[in-house]
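Structure record follows, encoded as structure tokens.
A, B, ... follow the sequence lines: proteins, then strands. Residue 1 opens every chain. Owing to the predicted nature of the structure, the values given are computational and were not obtained by experimental measurement.
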Number of protein chains: 2
Amino acid sequence: MSMNHFDYIDQQILLQIREDARKPFSQIAENLKISNSLVHQRIKKLKQRGVIKKAEFVVDEKQIGFKTKSYVGIRLREARYAKQVVDGLKEIPEILECNYVSGHYAIFILIFAFDNHHLRKILYEQVHQIDGVAGTDSFICFDTNFRRQVSLNSLGKNISYD
Amino acid sequence: MSMNHFDYIDQQILLQIREDARKPFSQIAENLKISNSLVHQRIKKLKQRGVIKKAEFVVDEKQIGFKTKSYVGIRLREARYAKQVVDGLKEIPEILECNYVSGHYAIFILIFAFDNHHLRKILYEQVHQIDGVAGTDSFICFDTNFRRQVSLNSLGKNISYD
DNA sequence: GCTGAAACAAGTAGTGT
DNA sequence: ACACTACTTGTTTCAGC
């Protein structure tokens with residue numbers, strides 16, 4: 001299948017910058033006992049390959065007032081409305097993620113709202129008004145037990161899991 | 001309610017570093033026509049307040065082999081098994097997020113697997129084996145239409161939405 | 001609470017092996 | 001593909017407003 005290939009250096013660099021995007025390259029170089037500029041070159045290539053996209057600061061949603069997190073499954077009146085519903089959902093800034101899914105729902109979204117009342121208003125006054133939406137089911141998150149990034153352990157191996 | 005207070009500078013800094021965690025502080029200062037060191041001070045305070053947690057590089061899961069993304073709702077045999085089930089789920093590295101939720105399911109998780117076959121194996125051989133799990137429903141993501149961070153427009157205002 | 005300059009550290013590019 | 005050096009740029013701290 002020969003897709004991307006990652007060696008030990010790539011993997012270690014990813015492990016380090018992923019958790020701290022502002023970690024000095026020179027420090028990474030020191031840890032790995034390689035030159036400063038090699039780190040720079042590798043990261044450049046990882047970007048070119050599309051393995052790393054961007055570095056972002058993680059803002060705590062709760063700290064800026066978004067206390068209610070909820071997943072919401074959306075049922076459509078008919079399947080062919082999918083695209084126009086997605087276009088409508090995109091206009092609602094509280095919706096942070098939107099997926100086409102298999103199973104009970106056609107579309108599955110993630111919403112952050114100020115509180116439950118706010119969530120209800122978004123659903124009733126905005127989502128339900130989009131032409132093609134038949135109904136929604138909400139899965140309000142009482143608590144997020146954990147949240148982490150994808151494992152890098154399988155890199156470079158290539159991968160038998162059965 | 002007097003929770004956190006954010007002025008224009010805080011908001012602008014957040015907007016800029018959120019999308020590019022490695023943007024030089026000096027450049028931010030220039031954009032806002034404030035001193036280099038004020039940017040530094042403000043970011044330090046935002047960290048202390050817990051508004052920003054860390055800077056992370058975003059790794060493209062598909063590029064490192066995780067082609068199947070799925071949300072999975074978990075039903076419990078009895079509600080009181082919740083905690084021990086979460087402990088079991090935490091041991092499965094392909095599970096990237098785990099929430100207690102309202103509605104049909106007790107627990108709602110996000111899984112990234114190599115492919116559908118791998119996903120099935122994780123569910124059957126790991127998740128379903130955890131004591132307390134009655135069953136699961138999967139919502140496999142065919143496509144992610146969009147994905148973004150929470151809006152910062154409500155900062156500093158304080159907020160009436162009804 | 002903010003600025004500005006000075007000391008320090010890191011990022012970048014070019015050259016050679 | 002990598003390391004070394006020289007150069008440019010950013011970060012951090014602190015005195016002073």
Within this structure, what is the [atom1]-to-[atom2] distance between [X] and [N], rounded to whole angstrom?
| X | N | atom1 | atom2 | result |
| --- | --- | --- | --- | --- |
| A:Leu32 | D:dC2 | CG | C1' | 14 Å |
| A:Ile28 | C:dT12 | CD1 | P | 12 Å |
| B:Lys44 | D:dT13 | NZ | C1' | 9 Å |
| A:Ile13 | C:dG11 | CD1 | C1' | 14 Å |
| A:Glu30 | D:dA3 | CD | P | 14 Å |
| A:Ile34 | D:dC4 | CD1 | P | 12 Å |

Minimum-distance nucleotide (side-chain atoms of [X] versus [options]):
| X | options | result |
| --- | --- | --- |
| A:Ser26 | C:dA10, D:dT11, C:dC2 | C:dA10 |
| B:Asn36 | D:dA3, D:dT12, D:dG10 | D:dT12 |
| A:Leu38 | D:dA3, D:dG10, C:dT12 | D:dA3 |

Examine the side chains of B:Thr136 and B:His128 and answer whether a donor and an acceptor come within less than 3.5 Å of each other. yes
Is the phosphate of [N], meaning OP1 or OP2, less than 4.0 Å from a side-chain N or O of [X]?
| X | N | result |
| --- | --- | --- |
| B:Lys23 | D:dG10 | no |
| B:Arg22 | C:dG11 | yes |
| B:His40 | D:dT11 | no |
| B:Arg42 | C:dC2 | yes |

Q. Would you say B:Ile130 and B:Asp87 make side-chain contact, with heavy atoms under 4.5 Å?
A. no
**Asked** With a 4.5 Å heavy-atom cut-off, do A:Ile17 and A:Ile28 have their side chains touching?
**Response**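 In short, these two side chains touch, coming nearer than 4.5 Å.
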Checking A:Tyr100, A:Phe139, A:Tyr71 against B:Tyr71 for ring pair (Phe, Tyr, Trp, His ring centres under 6.0 Å), the one that qualifies is A:Tyr71
Please classify the nucleic acid contact of B:Lys45 as base, sugar-phosphate, or nothing, using heavy-atom distances under 4.0 Å.
sugar-phosphate
- request: Using a 4.0 Å heavy-atom cut-off across all strands, classify A:Gln27 as base, sugar-phosphate, or nothing.
  value: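 No contact.
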Comparing A:Phe25 with A:Gln41, nearest DNA chain C nucleotide closer to 5' gives the residue A:Phe25
**Prompt:** Is there a donor N/O on one and an acceptor N/O on the other, under 3.5 Å, for the side chain of A:Ser37 and the base of D:dC4?
**Reply:**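 Under the 3.5 Å cut-off, the side chain and the base do form a donor-acceptor pair.
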Check this for me, if you would: do A:Glu61 and A:Lys69 make a salt bridge, where the nitrogen-to-carboxylate-oxygen distance has to be below 4.0 angstrom?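 Between A:Lys69 and A:Glu61 there is no salt bridge, as every charged N stays at least 4.0 Å from the carboxylate O atoms.
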